[in-house]
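Notes to accompany the following structure.
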Amino acid sequence: MFSQVFRRRRPGSRGYWGVAAAVSAGSVLSVLIAWIGGAVAAEKGAVPVTQNYRRPRIAIIGGGIGGTSSAYFLRKLFGETAQIDLYNIGDIGGRTATIKLAGREYEAGGSIIHGRNKYLVDLVDQLGLSKRTKVPTSTGFHNGEEFVLTESKWNLVTVGKLVWRYGFDFFRLYQEVDAWMTQFEKIYTLQDEGKAFKTVEDMVDAMGGEAFINGTRDPLIPLLKSHGYSDRFIGEVVAAATRVSYGQFEDISVFAGMVGVAGVQPGLWAVHEGNYKVSEALLKESKANVYKSLVMSVELNSTSEPRETFIIHSVPWQQSYAEAKQKSKDRIEYDIVIVDIPQHGKPPMQHPINFAGFDAGSHVPSGPYPGEYRHTVANFIDGVPKASTFGLDNPESLPDSIIEVVEPKLRFRSLAKNFPVDVTPEEAAAKEGYVYKVFSTEPLDDEQVEALFETVKERTFVDWLAYPYYGTTHQIPPFELNPGVYYVNAIEWAASAIEMSVIGSKNAALLAHQYWTGQSSNDDEAKVEDKDEL
């Protein structure tokens, strides 16, 4: 799918640096004192940086946006001397993958970025990437029988339709989401100040206090009803937003629901030639070594001095998990491990790591975490939709994007024009070069495709586990599994988005650096004032 191919390289030297090569003659005494202090340190995992007389060895497991941005932030924090190795079995970019159809590439995974996603906005500029040409499109909400609302090409007409059907609920929610995002944006200031958090709960508390913490487990719909929103508005507009963002509606949490609603606001954008380009550029900038290997286990080495180390057991990736398991394992020692692959589920869709030798007091999972990822299918079809299925006579009358606000008989959530990742300004102006992306719970069969399309030239699909299922009883894993071992994916159990992964990766990098240098994570100091209610 991607043209970039990474060659497997042998790890560099794992030995200690010679003191004479690492320091000047004038600092030999201070290094000697530091070395003696390290030998009698009372607690491993709290060793100051002066006692780390060799370069840090860091392993990152996973090459998605979380893993590659971790590599980028770690390089910024640790400098050029750190050894950073990234283990990955698929294409770089993970869930921001593309797929090819009709000779063009289309976004198959995470496809949108919000205008207020500070890290993505900044990174695209810093990495020399560019935004994709924007294509103006129209949206319609369909209830399985008819369109309850269709967007007009004239903004004033659309505003009139919204007010006529929903009163001012749409604009009230827009204001609530804006206020919620202002609270959310506190995380950027906190991380700029070096604040890090060992748990997701501590992070969301620092953003918005009790309202945000409760929002990770309280359901969205009762909250909206208590705020006076109508059943019609909730059942159509909010349902459309959360179904297209996360494939669920009835019991979605407040926090995930607000991110989902923000994901259908104006000002969304994408990266020219594919969002995965961000991951590729981050990885290149980080100068990390890349190994196409499957990590089977992470073993604690408690006998290492002056602090504990971690042994990665990995196998070169084959065509399948079953084949890879048969290979002999490589065994490499690291000082820090960053995990950016979900620790839920089981093969062949997911590959949780076996953590061995850790104390009972650590937070490493003894097996896959409870909870599930939503099974999502993105069907790509080069064809002409059947207007009669949606109660219209002419395909030209159909909106560009159709969102089902209920679960229809044909079991799809949305049907939308999907433009190539390298769409040109001319194609955008003429609305040319598109295929249709249809989200469903299972691959569409021939009968379903025939019901949705008049003609089909070509079709394909991507079947994947896209994001967690956000209920009200799920537990959120911690960022810190053990001192020196950090879990980026923990953050997506509050809400899943490309920006969320980058925030989680920066938090993991900050925790790792503070662990290495003996600093405090400052999570108690990061409680921000003015935590207003949602």
Side-chain angles (χ1 to χ4, degrees), residues 60 62-80 82 84 86 92-96 107 109-134 177-178 180-197 203-204 206-208 258-259 262-263 265-288 338 340 421 479 486 488-489 491-492 494-514 526 528:
I60 300 171
I65 185 65
T68 54
S69 55
S70 291
Y72 176 83
F73 291 128
L74 288 165
R75 181 62 72 198
K76 294 285 187 183
L77 288 166
F78 283 85
E80 293 299 316
I84 302 176
L86 185 143
I92 295 300
R95 283 176 275 171
T96 57
E107 295 283 7
S111 57
I112 58 167
I113 302 169
H114 197 280
R116 290 170 69 173
N117 288 167
K118 181 181 185 300
Y119 285 145
L120 268 299
V121 171
D122 291 348
L123 286 171
V124 165
D125 180 59
Q126 293 165 11
L127 297 170
L129 303 173
S130 60
K131 293 183 179 180
R132 191 177 311 160
T133 301
K134 191 170 181 60
V177 172
D178 182 73
W180 183 90
M181 291 187 69
T182 298
Q183 293 283 94
F184 179 93
E185 288 169 333
K186 291 177 181 177
I187 191 59
Y188 301 123
T189 300
L190 292 169
Q191 291 190 325
D192 283 347
E193 294 171 350
K195 303 294 195 304
F197 307 90
M203 177 180 282
V204 298
M207 293 179 190
M258 295 300 273
V259 173
Q265 285 188 322
L268 306 178
W269 58 280
V271 179
H272 181 61
E273 295 185 338
N275 291 333
Y276 75 89
K277 290 289 185 181
V278 178
S279 291
E280 287 191 343
L282 287 168
L283 186 58
K284 181 179 180 181
E285 190 74 13
S286 75
K287 301 176 184 176
I338 307 292
D340 181 45
V421 295
F479 285 119
Y486 306 101
V488 174
N489 298 82
I491 197 169
E492 67 177 333
S496 181
I498 300 175
E499 183 80 353
M500 292 292 285
S501 292
V502 179
I503 290 170
S505 71
K506 186 162 187 179
N507 185 67
L510 287 167
L511 285 171
H513 190 252
Q514 290 164 1
V528 178

If you look at every heavy atom in [X] and [Y], which pair is closest and at what distance?
X    : Y    : result
G208 : Q183 : CA-NE2, 3.7 Å
A509 : L77  : O-CD1, 3.5 Å
L190 : F197 : CD1-CZ, 4.0 Å
S279 : T96  : OG-OG1, 4.5 Å
S501 : I65  : CB-CG2, 3.6 Å
V259 : A495 : CG2-CB, 3.6 Å

Taking atom [atom1] of [X] and atom [atom2] of [Y], what is their separation to the nearest 0.5 Å?
X    : Y    : atom1 : atom2 : value
S505 : L74  : OG    : CG    : 8.5 Å
L120 : K131 : CG    : NZ    : 10.0 Å
W269 : S111 : CH2   : OG    : 12.5 Å
N117 : I503 : CG    : CD1   : 7.5 Å
I187 : D192 : CD1   : CG    : 10.0 Å
R132 : I113 : CZ    : CD1   : 8.5 Å

Option passing side-chain contact (heavy atoms from CB on, under 4.5 Å) with F73 (candidates L282, L510, V502):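 It is V502; the other options fail the test.
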Pair [X] + [Y]: basic N to acidic O under 4.0 Å:
X    : Y    : result
E285 : K76  : no
D178 : R116 : yes
K287 : E80  : yes

Examine distances only and state if a side-chain atom of [X] and a backbone atom of [Y] form a donor-acceptor pair shorter than 3.5 Å.
X    : Y    : result
E499 : K118 : yes
D340 : I60  : no
Q191 : A196 : no

State, yes or no, whether a side-chain contact exists between [X] and [Y] at a heavy-atom distance under 4.5 Å.
X    : Y    : answer
M258 : V177 : yes
I491 : F479 : yes
I92  : Y276 : no
L268 : H114 : yes
M500 : Y119 : no
N275 : E107 : yes

Parallel, tilted or perpendicular: which describes the rings of Y188 and F184, with under 30° parallel and over 60° perpendicular?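 Geometry flag for F184 against Y188: perpendicular rings.
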With no hydrogens and no angle check, do the side chains of S70 and R75 hold a donor and an acceptor under 3.5 Å apart?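 Short answer, no.
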May I ask you to check whether S496 and E492 show a side-chain donor-acceptor distance below 3.5 Å?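 Distance-only check passes for S496 and E492.
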Let's go through Q126 and Y72 carefully: what are the C-alpha distance in whole Å and the side-chain angles of both, what is the deciding distance for side-chain contact (heavy atoms from CB on, under 4.5 Å) to 0.1 Å, and is it a yes or a no? CA-CA 12 Å; Q126 293 165 11; Y72 176 83; 3.3 Å; yes
